[in-house]
Number of protein chains: 2
Amino acid sequence: MRMSEGVEWALHSCLNLTWVESGEAVTATRLAAFYGLPAAYLNKQLQALARAGILSSTSGPKGGFRLAREPERITLLDVVTAIEGPEEAFRCDEILRRGPGGKEGVDYRTTCLISRAMGAAELAWRQELAARTIADLKADVERGFPHTPQATRNRFANARS
Amino acid sequence: MRMSEGVEWALHSCLNLTWVESGEAVTATRLAAFYGLPAAYLNKQLQALARAGILSSTSGPKGGFRLAREPERITLLDVVTAIEGPEEAFRCDEILRRGPGGKEGVDYRTTCLISRAMGAAELAWRQELAARTIADLKADVERGFPHTPQATRNRFANARS
DNA sequence: GCCAGCATACTCGGATAGATTATGTCCGAGTTAGTTTGG
DNA sequence: CCAAACTAACTCGGACATAATCTATCCGAGTATGCTGGC
């Protein structure tokens with residue numbers, strides 16, 4: 001049960017995008033250069049964010065990615081779901097059906113108490129993620145590290161590769 | 001981020017083991033036959049549970065697996081950790097170190113606010129899992145399906161392959 | 001009849017292949033900016 | 001001088017290899033059982 005490392009990249013990239021001049025797009029190459037990541041693979045993750053409606057993409061010169069909506073309306077769960085997909089980590093294969101007294105028309109994902117308990121735990125996880133937005137993180141970072149916004153803009157301006 | 005299906009098998013097997021006569025060991029083959037699972041692969045999962053101290057194993061004739069301690073002292077988190085390993089789903093690779101202002105001696109797993117937020121969500125998940133024991137599930141199942149304990153014993157007695 | 005020794009069958013345990021998913025890379029379709037050319 | 005069309009470079013987007021992990025299988029080490037033979 002390992003989460004794709006693309007989640008970490010996507011979250012940092014979204015956060016960085018909150019600090020660029022409004023309306024300016026940033027290319028996948030520059031976002032990747034920020035942390036020394038493989039550009040083509042980060043591009044793949046950003047595509048997933050664009051498909052999920054979190055980012056908007058523009059082709060051609062002066063193209064790139066930008067946030068598709070306000071950071072207040074982007075939760076951590078949105079980003080995780082965009083990268084990892086919507087299916088749950090614990091998938092109930094309904095093995096009870098093959099046990100004694102297993103019926104055919106029963107949905108064991110809701111009947112099996114093991115499935116229910118695992119689902120409840122996963123729901124708690126999702127609720128925690130849904131309660132925090134990119135804007136929350138942005139505010140927390142700016143409180144703890146006031147120079148970060150300017151440093152981010154500078155790096156994007158200088159590393160113009 | 002998909003969890004191994006061995007977790008589902010392990011949880012059901014632990015629950016079934018609470019219903020066998022006390023002191024009697026059940027072989028991996030019979031536990032597998034219960035749901036039509038591949039015996040050798042289930043054996044592998046049960047080995048992991050034994051290494052984690054959840055089950056105790058006995059070789060030779062009349063050998064097999066049994067619970068190593070009372071069901072009240074086995075949490076869902078214990079089982080999940082035994083199968084999936086102790087590492088977290090979201091692993092912070094500390095990519096901030098390669099960004100602007102990245103220091104060498106800093107532990108970004110505790111400094112990076114993204115890592116902290118993801119860790120908090122995962123903690124909520126773990127707390128939910130740690131709060132439920134195999135004994136809880138056993139009691140809930142017996143309340144909702146009173147015939148299950150006897151049906152389980154019967155199946156173990158009959159399917160003597 | 002009783003006990004010690006032994007052969008036997010059975011179980012776990014780890015080492016070994018195959019399948020699926022995640023990771024990483026590459027090139028083409030589309031688009032915008034800048035340039036050029038004609039009026 | 002201005003405008004329109006064209007060229008060219010740049011970007012995303014998805015198709016294509018590679019690596020890691022999960023899934024599945026097999027055979028050997030060890031052990032308790034039941035039998036055999038002797039006392």
Side-chain angles (χ1 to χ4, degrees), chain A residues 1-10 13 17 23-33 35-66 68 80 82-85 87 89-91 93 95 156 160-161, chain B residues 1-10 13 17 23-33 35-66 68 80 82-85 87 89-91 93 95 156 160-161:
Chain A
M1 192 189 57
R2 210 180 65 231
M3 188 176 297
S4 166
E5 58 184 338
V7 172
E8 186 181 7
W9 304 357
S13 294
L17 282 173
E24 183 176 343
V26 182
T27 70
T29 302
R30 282 204 279 169
L31 282 169
Y35 297 117
L37 304 175
Y41 190 35
L42 177 62
N43 187 25
K44 199 179 182 64
Q45 317 291 350
L46 298 176
Q47 284 175 33
L49 294 180
R51 273 193 297 268
I54 296 170
L55 301 184
S56 70
S57 61
T58 320
S59 286
K62 294 287 180 183
F65 295 92
R66 69 199 77 190
V80 170
I83 302 294
E84 289 290 324
E87 64 275 359
F90 179 85
R91 44 169 181 177
D93 282 348
I95 65 176
F156 277 138
R160 186 163 294 283
S161 67
Chain B
M1 193 188 57
R2 211 183 62 232
M3 189 175 296
S4 165
E5 58 184 337
V7 173
E8 186 181 7
W9 303 357
S13 295
L17 282 173
E24 183 175 343
V26 183
T27 70
T29 302
R30 281 204 280 168
L31 282 168
Y35 297 117
L37 304 175
Y41 190 36
L42 177 63
N43 186 26
K44 198 178 181 64
Q45 317 290 350
L46 298 176
Q47 284 175 34
L49 294 179
R51 272 193 297 268
I54 296 170
L55 302 183
S56 70
S57 61
T58 318
S59 286
K62 295 288 178 183
F65 295 92
R66 70 199 75 189
V80 170
I83 302 294
E84 289 290 324
E87 63 276 358
F90 179 85
R91 46 169 180 177
D93 282 349
I95 64 177
F156 277 138
R160 187 164 293 284
S161 66

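The sequence lines fix the lettering, A, B, ..., with proteins before strands; numbering per chain opens at 1.
- Atom CZ of B/Phe65 is separated from atom CG of B/Leu46 by 4.5 Å, given to the nearest 0.5 angstrom.
- One atom, CG of A/Asp93, and another, P of D/dC22, lie 16 Å apart when rounded to the nearest Å.
- Protein atom CD1 of A/Ile95 is 13 Å distant from nucleotide atom P of D/dT23, rounded to whole Å.
- B/Arg91 pairs by the side-chain contact (heavy atoms from CB on, under 4.5 Å) definition with A/Arg2, A/Glu5, B/Asp93, not counting sequence neighbours.
- The ring pair (Phe, Tyr, Trp, His ring centres under 6.0 Å) search around B/Tyr41 returns B/Trp9, not counting sequence neighbours.
- The nucleotide whose nearest atom lies closest to any side-chain atom of A/Ser57 is, among C/dC26, D/dG13, C/dA22, D/dG13.
- Nucleic acid contact for A/Arg91: sugar-phosphate only, since backbone atoms but no base atoms lie under 4.0 Å from a heavy atom of the residue.
- Atom pair B/Glu87:CD and D/dT21:C1' shows a separation of 12 Å (rounding to whole Å applied).
- Here the CD-CG distance, from B/Gln45 to B/Leu37, works out to 10.0 Å after rounding to the nearest 0.5 Å.
- D/dT11 atom P lies 12 Å from atom CG of A/Leu31, rounded to whole Å.
- Nucleotide D/dT21 holds its P atom 16 Å from the CE atom of A/Met3, rounded to whole Å.
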Sub-3.5 Å pairs of nitrogen or oxygen atoms, protein against nucleotides 4-10 of chain C:
none

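- Atoms CG (B/Leu55) and P (C/dT11) sit 17 Å apart, rounded to a whole Å.
- Contact check for A/Leu49 versus A/Ile83: side-chain heavy atoms found under the 4.5 Å cut-off.
- Taking atom CD on A/Glu84 and atom C1' on C/dA22, their separation rounds to 10 Å, with Å as the unit.
- In this structure A/Gln47 satisfies the side-chain contact (heavy atoms from CB on, under 4.5 Å) test together with A/Asn43, A/Arg51, sequence neighbours excluded.
- Closest contact between the side chain of B/Tyr41 and the listed nucleotides D/dC22, C/dC12, C/dA22 involves D/dC22.
- Candidate nucleotides C/dT23, D/dA24, C/dT21 were compared by shortest atom distance to the side chain of B/Arg2, and C/dT21 ranks first.
- Every residue meeting the side chain to side chain donor-acceptor pair (under 3.5 Å) condition with A/Thr58, not counting sequence neighbours, appears here in chain and number order: A/Arg66.
- Within the nucleic acid shown, B/Ala28 comes within 4.0 Å of sugar-phosphate atoms alone, with no base atom in reach, counting heavy atoms only.
- In this structure, the ring pair (Phe, Tyr, Trp, His ring centres under 6.0 Å) partners of A/Tyr35, at least two apart in sequence or on a different chain, are A/His12.
- In this structure, OG on A/Ser13 lies 7.0 Å from CD1 on B/Ile95, to the nearest 0.5 angstrom.
- Both B/Thr58 and B/Gly6 lie close to DNA chain D; mapped to their nearest nucleotides by heavy-atom distance, the more 5′-ward contact belongs to B/Gly6.
- Rounded to whole angstrom, the span from the CG atom of A/Leu37 across to the C1' atom of C/dT23 amounts to 13 Å.
- Near-neighbour residues of DNA chain C inside residues 42-52 of chain A, defined by a heavy atom below 4.0 Å, number-ordered: A/Lys44.
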